[in-house]
Novice: 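Please see the structure below; I have some questions.
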Amino acid sequence: MNRTVYPQRRTYQRYDEAHIIGYLNEEVLENYVPAANGDGEQQETAEPWPVAYAYTGEETDGGTVMECKKQSDYGEVANAIIRSRYSESQELAIQRHAINGDYQDAGQEYEEYYAWCQQAVATAKRWVAASN
């Protein structure tokens, strides 16, 4: 995984006809001092950014490429975000365990899954609204 810091909030953009690249796992950093020339050490004379945003993803720029054919539909974008962490079969298995009441051994699994889905929907709505 790669982590990159930006002076402004990132959302998503078209990657190709069937994919988007989105910036997930956002971390808000206050009074961030940019690194010098990419060598990882902070500049002593650099002006701090009042607010910076760090993203962690598979791509070198901190982004995550996700399958998404309808890039202006927040439901499709939300599904792409969910799929970045859970495959369809994983999602169905978690839901079956919850419906059957047999997920006690992995009770936290459903709560984590549900929280990720809620975050995906909120993120997708924000991203799509910002792109219109």
Side-chain angles (χ1 to χ4, degrees):
M1 294 297 255
N2 296 297
R3 182 174 184 264
T4 304
V5 179
Y6 296 93
Q8 66 278 90
R9 177 173 266 157
R10 303 289 306 247
T11 60
Y12 77 114
Q13 59 192 36
R14 175 186 300 265
Y15 187 77
D16 62 26
E17 289 299 316
H19 296 86
I20 59 174
I21 184 167
Y23 297 86
L24 302 171
N25 309 307
E26 182 178 270
E27 181 184 354
V28 179
L29 308 170
E30 294 186 20
N31 298 315
Y32 176 79
V33 178
N37 301 326
D39 64 6
E41 294 189 25
Q42 292 185 339
Q43 300 175 11
E44 291 183 25
T45 60
E47 288 291 321
W49 297 341
V51 178
Y53 301 90
Y55 298 95
T56 304
E58 299 166 353
E59 301 298 313
T60 56
D61 68 350
T64 302
V65 175
M66 300 168 274
E67 185 174 338
C68 183
K69 292 186 173 74
K70 295 181 182 175
Q71 300 165 352
S72 62
D73 180 318
Y74 95 85
E76 292 288 327
V77 174
N79 188 58
I81 296 169
I82 292 167
R83 293 287 165 262
S84 74
R85 184 171 292 181
Y86 297 97
S87 70
E88 188 174 359
S89 62
Q90 288 172 318
E91 182 177 22
L92 291 171
I94 291 167
Q95 291 175 0
R96 278 193 307 272
H97 288 280
I99 290 168
N100 294 333
D102 61 356
Y103 74 95
Q104 289 82 3
D105 293 337
Q108 188 175 356
E109 180 182 44
Y110 181 79
E111 284 77 17
E112 289 173 2
Y113 156 76
Y114 183 76
W116 180 252
C117 290
Q118 294 293 10
Q119 181 180 341
V121 168
T123 299
K125 285 181 178 179
R126 181 174 48 85
W127 284 1
V128 171
S131 70
N132 290 331

Novice: To the closest 0.5 Å, what do you measure between CH2 (Trp127) and OG (Ser72)?
Specialist: 14.5 Å
Novice: Enter the distance from Met66:CE to Tyr12:OH here, rounded to the nearest 0.5 Å.
Specialist: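 Met66 atom CE to Tyr12 atom OH measures 10.0 Å (nearest 0.5 Å).
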Novice: Step by step, would you call Ile81 with Trp116 a side-chain contact (heavy atoms from CB on, under 4.5 Å)?
Specialist: CA-CA 9 Å; Ile81 296 169; Trp116 180 252; 3.8 Å; yes
Novice: Could you walk me through whether Thr64 and Glu59 pass the side-chain contact (heavy atoms from CB on, under 4.5 Å) test, one step at a time?
Specialist: CA-CA 6 Å; Thr64 302; Glu59 301 298 313; over 6 Å; no
Novice: Can you see which heavy atom on Gly62 is nearest to which on Thr4, and at what distance?
Specialist: N-OG1, 3.5 Å
Novice: Under 4.5 Å between side-chain heavy atoms, hopping through other hydrophobics if needed: is there a path connecting Tyr53 to Ile21?
Specialist: yes
Novice: In terms of hydrophobic clustering (I, L, V, M, F, W, Y; side-chain heavy atoms under 4.5 Å; direct or indirect links), are Tyr6 and Val28 co-clustered?
Specialist: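 Yes: a chain of side-chain contacts under 4.5 Å links Tyr6 to Val28.
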Novice: Give, for atom CG of Asp73 and atom SG of Cys68, the distance between the pair rounded to the nearest 0.5 Å.
Specialist: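 Rounded to the nearest 0.5 Å, the CG-SG separation comes out at 7.5 Å.
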Novice: Quick check for you: to the nearest 0.5 Å, what is the distance between Asn2 atom CG and Thr56 atom OG1?
Specialist: 8.5 Å
Novice: Could you tell me whether the side chain of Gln90 and the main chain of Ser87 form a donor-acceptor pair under 3.5 Å?
Specialist: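 The answer is yes, because a donor-acceptor pair under 3.5 Å joins these two groups.
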Novice: Donor-acceptor check, side chain of Thr123 to backbone of Ala78, threshold 3.5 angstrom: yes or no?
Specialist: no
Novice: Checking side-chain polar atoms at under 3.5 Å, does Tyr113 have a donor or acceptor matched by the opposite partner on Glu91?
Specialist: yes
Novice: Test Cys117 against Tyr86 for side-chain contact (heavy atoms from CB on, under 4.5 Å), laying out the working first.
Specialist: CA-CA 10 Å; Cys117 290; Tyr86 297 97; 5.7 Å; no
Novice: Taking atom CD as the centre, does Gln8 end up with more than 12 heavy-atom neighbours from other residues, nucleotides or ligands that are less than 6.0 angstrom away?
Specialist: yes
Novice: To the closest 0.5 Å, what do you measure between CZ (Arg126) and OG (Ser131)?
Specialist: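 Arg126 atom CZ to Ser131 atom OG measures 11.5 Å (nearest 0.5 Å).
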Novice: Crowded around Tyr74 OH? As in, over 12 foreign heavy atoms under 6.0 Å?
Specialist: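 No.
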Novice: Using side-chain heavy atoms (C-beta onward) and a distance below 4.5 Å, is Trp49 in contact with Pro7?
Specialist: yes
Novice: Verify, without hydrogens or angle tests, whether Asn100 (side chain) and Arg96 (backbone) share a donor-acceptor contact under 3.5 angstrom.
Specialist: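 Pair found, side chain donor or acceptor close to backbone of Arg96.
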Novice: Please determine whether side-chain contact (heavy atoms from CB on, under 4.5 Å) holds for the pair Tyr114 and Ile94, giving the CA-CA distance in whole Å, both sets of side-chain angles, and the decisive distance to 0.1 Å.
Specialist: CA-CA 10 Å; Tyr114 183 76; Ile94 291 167; over 6 Å; no
Novice: With rounding to the nearest 0.5 angstrom, report the CG to CD distance, Leu24 to Glu58.
Specialist: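 Answer rounded to 0.5 Å: 9.5 Å.
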Novice: Which residue pairs pass the side-chain hydrogen bond (donor to acceptor under 3.5 Å, both in side chains) test when at least one of the two sits in residues 19-29, sequence neighbours left out?
Specialist: Arg3-Glu27, Arg9-Glu26, Arg10-Tyr23, Asp16-His19, Tyr23-Asp61, Glu26-Tyr55
